[in-house]
Amino acid sequence: MSILEIIKEPWPWYVAGPLIGLTVPILLIIGNKSFGISSSLRHICAACIPGNIPFFKYDWKKESWNLFFVLGIFLGGMIGAFFLSNPNDVVITPELSAKLATYGITDYSGLVPSQLFSWESLLTLRGFIMIVVGGFLVGFGTRYAGGCTSGHAIMGLSNLQWPSLVATICFMIGGFVMALLILPHILSL
Amino acid sequence: MNHLENKNTDSEGINASQQKESVSGNLKYLIVGIFFGVVFVKAEIISWFRIQEMFNLESFFMYGVIGSAVAVGMISVFLIKKLNIKTLDGEKIEIQPKTFNKGQIYGGLLFGFGWAITGACPGPLFAQIGTGATVIVVTLISAIAGTWFYGLIKDKLPH
């Protein structure tokens, strides 16, 4: 197998996880930046629609590195999808596949399931909840918690901060409650 | 107190450097972001399916990713402190401590709901759009609206 073919295969967790972990020291060393992504959403608010809200009155330009970082993630997503993409469907566990089939989700060709997240589905109740309400909860919840998976679960835990452990546990509890108890009802809509 | 912490807010993702980055200086972060986005896509971390498997306890994959990322991060931060490693510009590396408030519980639970619905945290949203899932722009705008709404009603929320 050539190197490019190996790169095109889905990467295992023990490659991806350490590479993500390395982002922590890289950002610290190249410019004293603490890893955190949800803060970019706050900087976008501060730059574009600060209103008269004190929470958005700060020197967002000093934090503009974060906006370059997320622009990079967007471009990286493009490169990964268009130049290094795995031509096969996403492989999912038989348990999940059986469960999803009961909701009519059978297309695994994209990382984002097109049967749930598409412009057509946006106009359905199910699609609206998943695309719009879900996004709102992500933005509201991460800022209320003071960070997301990167800021708390990775950066905060790396620095042994117990409030980040509390936040991470709550992320997981929320996720379990939603995925196991509430999402089945949303998917049935 | 740093400039992000007006009224007991957080300093997630803070720039602790004293220097202002120029546009060319900021290109470094664009490059790190690109690398990060490629990892997101190639390990399928941005896949809604992977997140469902995680919350249905059907696969070890995401636990392995997050666990090994935290392990590498912890060792790195430990070494940076222990060896007193400086930034490339010779500055002392500063990491803001996180202070506890109830927002980490309430906000954490709400983010958990959103994470399981959308299958994405904020970082993956940007990468998902990059892969061509254009409708996720709506999810991103909604997340920005959620952040803005938090800023608006923040003082009325329990913290």
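Lettering follows sequence order; numbering is per chain, from 1.
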Exercise for review: Look at the rings of Tyr106(B) and Tyr144(A) and say which category their plane angle falls in: under 30° parallel, 30 to 60° tilted, over 60° perpendicular.
Suggested key: tilted

**Study point:** Side chain / backbone / both / neither for Met130(A) at chain B, heavy atoms under 4.5 Å
**Key:** both

**Study point:** Which portion of Leu160(A) sits near chain B, non-hydrogen atoms under 4.5 angstrom
**Key:** side chain

Practice item. Hey, could you give me the CD1/CG distance between Ile93(B) and Leu27(A), rounded to the nearest 0.5 Å? Key: 10.5 Å

Exercise for review: Look at the side chain of Glu91(B) and the backbone N and O of Asn32(A), then say whether any donor-acceptor pair between them is shorter than 3.5 Å.
Suggested key: no

Point to revise | side-chain contact (heavy atoms from CB on, under 4.5 Å) between Ile73(A) and Leu125(B), intermediate numbers included | key: CA-CA 9 Å; Ile73(A) 295 176; Leu125(B) 287 178; over 6 Å; no

Exercise for review: Can you tell which part of Pro94(A) gets under 4.5 Å to a heavy atom of chain B, answering side chain, backbone, both or neither?
Suggested key: neither

Study note, to complete from the structure: Okay, Leu67(A) and chain B: the region with an atom under 4.5 Å from a heavy atom over there is neither

**Study point:** Derivation of the side-chain contact (heavy atoms from CB on, under 4.5 Å) call for Asp89(A) and Phe49(B)
**Key:** CA-CA 11 Å; Asp89(A) 284 1; Phe49(B) 299 110; over 6 Å; no

**Study point:** Validation row: Pro113(A), Trp48(B) side chains within 4.5 angstrom (heavy atoms)
**Key:** yes

Review point. With Phe128(A), which residues qualify under ring pair (Phe, Tyr, Trp, His ring centres under 6.0 Å), at least two apart?
Key: none

Point to revise | Distance in Å, Leu96(A) CG paired with Glu58(B) CD, rounded so as to fall on 0.5 Å steps | key: 5.0 Å

Review point. What about Leu125(A) and Ile182(A), same hydrophobic cluster or not, with Ile/Leu/Val/Met/Phe/Trp/Tyr joined at side-chain heavy-atom distances under 4.5 Å?
Key: yes

Point to revise | Student check: side-chain heavy atoms of Trp115(B) and Thr149(A) closer than 4.5 Å | key: yes

**Study point:** Leu28(A) side, atom CG; Lys86(B) side, atom NZ - distance, nearest 0.5 Å
**Key:** 13.5 Å

Review point. Within a strict 4.5 Å, meaning less than it, do heavy atoms of the Ile30(A) and Tyr29(B) side chains meet?
Key: yes

Check your understanding: Checking Tyr63(B) against chain A: side chain, backbone, both or neither under 4.5 Å from a heavy atom?
Key -> side chain

Check your understanding: So, do Phe149(B) and Arg143(A) sit near enough that their side-chain heavy atoms are less than 4.5 Å apart?
Key -> no

Check your understanding: Can you say whether Ile85(B) sits under 4.5 Å from chain A via the side chain, the backbone, both, or neither, judging by heavy atoms?
Key -> side chain

Practice item. Please look at Ile31(B) and chain A and tell me whether the side chain, the backbone, both or neither of the residue comes under 4.5 angstrom of a heavy atom of that chain. Key: neither

**Study point:** Backbone N/O of Ile14(B) and side chain of Lys33(A): donor-acceptor pair under 3.5 Å
**Key:** no

Review point. Hey, any chance Val32(B) and Leu88(B) share a hydrophobic cluster, counting ILVMFWY side chains that come within less than 4.5 Å of each other, even indirectly?
Key: yes

Review point. Which bit of Ser97(A) is near chain B, if near means a heavy-atom gap under 4.5 Å: side chain, backbone, both or neither?
Key: neither

Check your understanding: Judged by atom type as modelled, is there a donor-acceptor pair below 3.5 Å linking the side chain of Trp148(B) to the main-chain atoms of Ile49(A)?
Key -> yes

Review point. Less than 4.5 Å apart, any side-chain heavy atom of Glu95(A) and any of Asn56(B)?
Key: no

Point to revise | Contact origin within Tyr108(A) toward chain B - heavy atom pairs under 4.5 Å | key: both

Check your understanding: OH of Tyr14(A): more than 12 outside heavy atoms within 6.0 angstrom?
Key -> no

Check your understanding: By a 4.5 Å heavy-atom criterion (distance strictly below it), what part of Ala120(B) contacts chain A: side chain, backbone, both, or neither?
Key -> backbone

Revision key, fill the gap. Applying a strict 4.5 Å limit to non-hydrogen atoms, the region of Ile44(A) in contact with chain B is side chain

Review point. Can you tell me how far the CD1 atom of Ile153(B) sits from the CZ atom of Phe55(A), to the nearest 0.5 Å?
Key: 11.5 Å

Point to revise | Test log, rule side-chain contact (heavy atoms from CB on, under 4.5 Å), inputs Lys42(B) and Asn86(A) | key: CA-CA 8 Å; Lys42(B) 287 314 304 169; Asn86(A) 168 22; 4.0 Å; yes

**Study point:** Interchain contact, Leu180(A) with chain B, by part (heavy-atom threshold 4.5 Å)
**Key:** side chain

Check your understanding: Under a 4.5 Å cut-off applied to non-hydrogen side-chain atoms, are Val138(A) and Cys121(B) in contact?
Key -> no

Check your understanding: Between Trp13(A) and Ser68(B), do the side chains contain an N or O donor and an N or O acceptor separated by less than 3.5 Å?
Key -> no

Exercise for review: Pick one of side chain, backbone, both or neither for Leu122(A), based on which atoms fall under 4.5 Å of a heavy atom in chain B.
Suggested key: side chain

Practice item. Check each atom of Lys81(B) against the heavy atoms of chain A and say whether the ones under 4.5 Å are side chain, backbone, both or neither. Key: side chain

Practice item. Please look at Phe36(B) and chain A and tell me whether the side chain, the backbone, both or neither of the residue comes under 4.5 angstrom of a heavy atom of that chain. Key: side chain

**Study point:** Matching residue for Leu137(A) among Leu110(B), Leu109(B), Thr118(B) - test: side chain to side chain contact (heavy atoms under 4.5 Å, CB included)
**Key:** Leu110(B)

**Study point:** Any Ile66(B) side-chain heavy atom under 4.5 Å of Ile20(A) side chain
**Key:** no

Practice item. Output yes when a side-chain donor or acceptor of Thr87(B) lies under 3.5 Å from a complementary backbone atom of Gly31(A), and no otherwise. Key: no

Practice item. Under 4.5 Å heavy-atom distance to chain A, tell me which part of Leu79(B) shows up: side chain, backbone, both or neither. Key: neither

Point to revise | Heavy-atom side-chain contact between Asn159(A) and Met74(B) under 4.5 Å | key: no

Practice item. Taking Lys98(B) for its side chain and Gly156(A) for its backbone only, find out whether a donor-acceptor pair lies under 3.5 Å. Key: no

Check your understanding: Checking ring-ring contact (aromatic ring centres under 6.0 Å, His included) against Phe111(B), which of Phe171(A), Phe140(A), Phe136(A) comes through?
Key -> Phe171(A)

Check your understanding: If you round to the nearest 0.5 Å, how far is CD1 of Ile26(A) from NZ of Lys28(B)?
Key -> 13.0 Å

Point to revise | Short side-chain to backbone donor-acceptor contact, Gln104(B) and Gly146(A), under 3.5 Å | key: no

Check your understanding: Checking Phe82(A) against chain B: side chain, backbone, both or neither under 4.5 Å from a heavy atom?
Key -> side chain

**Study point:** Which portion of Met62(B) sits near chain A, non-hydrogen atoms under 4.5 angstrom
**Key:** neither

Practice item. Using non-hydrogen atoms and a 4.5 Å limit, figure out which bit of Ser118(A) sits close to chain B: side chain, backbone, both or neither. Key: backbone

**Study point:** Distance-minimising heavy-atom pair for Gly108(B) and Ala145(A)
**Key:** N-CB, 3.6 Å

Practice item. Could you look at Leu183(A) and say if it's the side chain, the backbone, both or neither that has a heavy atom under 4.5 Å from chain B? Key: side chain

Review point. Backbone N or O of Arg42(A) within a donor-acceptor pair of the Thr147(B) side chain at under 3.5 Å?
Key: no

Practice item. Check whether Phe40(B) gets within reach of chain A through its side chain, its backbone, both or neither, counting any heavy atom under 4.5 Å. Key: side chain

**Study point:** chain A contact via Ile80(B) - which portion, at a heavy-atom distance below 4.5 Å
**Key:** side chain

Check your understanding: What part of Ala133(B) lies closer than 4.5 angstrom to a heavy atom of chain A: side chain, backbone, both or neither?
Key -> side chain

Exercise for review: Give the C-alpha distance, both sets of side-chain angles, the deciding distance and a yes or no for side-chain contact (heavy atoms from CB on, under 4.5 Å) between Val90(A) and Arg50(B).
Suggested key: CA-CA 9 Å; Val90(A) 180; Arg50(B) 289 283 165 275; 3.8 Å; yes

